[in-house]
Amino acid sequence: MAVPKRKMSRSNTRARRANWKASAVATVACPQCKSAKLPHTACSVCGTYNGRQVLEV
């Protein structure tokens, strides 16, 4: 089991944690209704995916 030999300083710990950034959710426009939707998922507004109606909305 890996155990640190020395205590990591507060500045080094905070510098490491400074890179834990949340990324924005990627969205694409629905080709049918032009609303924003997640990529590779059915549109929640019109219910289409890949040009086909897959959800009853």
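If you read the sequence from its start, that first residue is 1, and numbering goes on from there. What you see below is based on every heavy atom in this structure, not just the backbone, and it leaves out hydrogens, waters and symmetry mates.
Leu38 and Tyr49 fall into different hydrophobic clusters, where Ile, Leu, Val, Met, Phe, Trp and Tyr residues are linked whenever their side-chain heavy atoms come under 4.5 Å apart, directly or through other members. Under the 4.5 Å side-chain contact rule for hydrophobic residues, Leu55 and Val45 do not share a cluster.
Among all heavy-atom pairs drawn from Val54 and Ala42, the shortest one is CG2-CB, 3.8 Å. Taking each heavy atom of Ala26 and Pro39 in turn, the nearest pair found is O-CD, 3.3 Å. Among all heavy-atom pairs drawn from Cys46 and Gln53, the shortest one is O-NE2, 3.0 Å.
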### Message
Apply side chain to side chain contact (heavy atoms under 4.5 Å, CB included) to residues Thr27 and Lys37 and explain how you reach the verdict.
### Response
CA-CA 5 Å; Thr27 57; Lys37 71 174 191 77; over 6 Å; no
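The backbone N or O of Gly47 sits nowhere less than 3.5 Å from a side-chain atom of Glu56 that would complete a donor-acceptor pair.
Around atom CZ of Arg16, more than 12 heavy atoms belonging to other residues, nucleotides or ligands sit under 6.0 Å away.
One distance of note links NZ of Lys7 with CG of Asn12; it measures 12.5 Å at 0.5 Å rounding.
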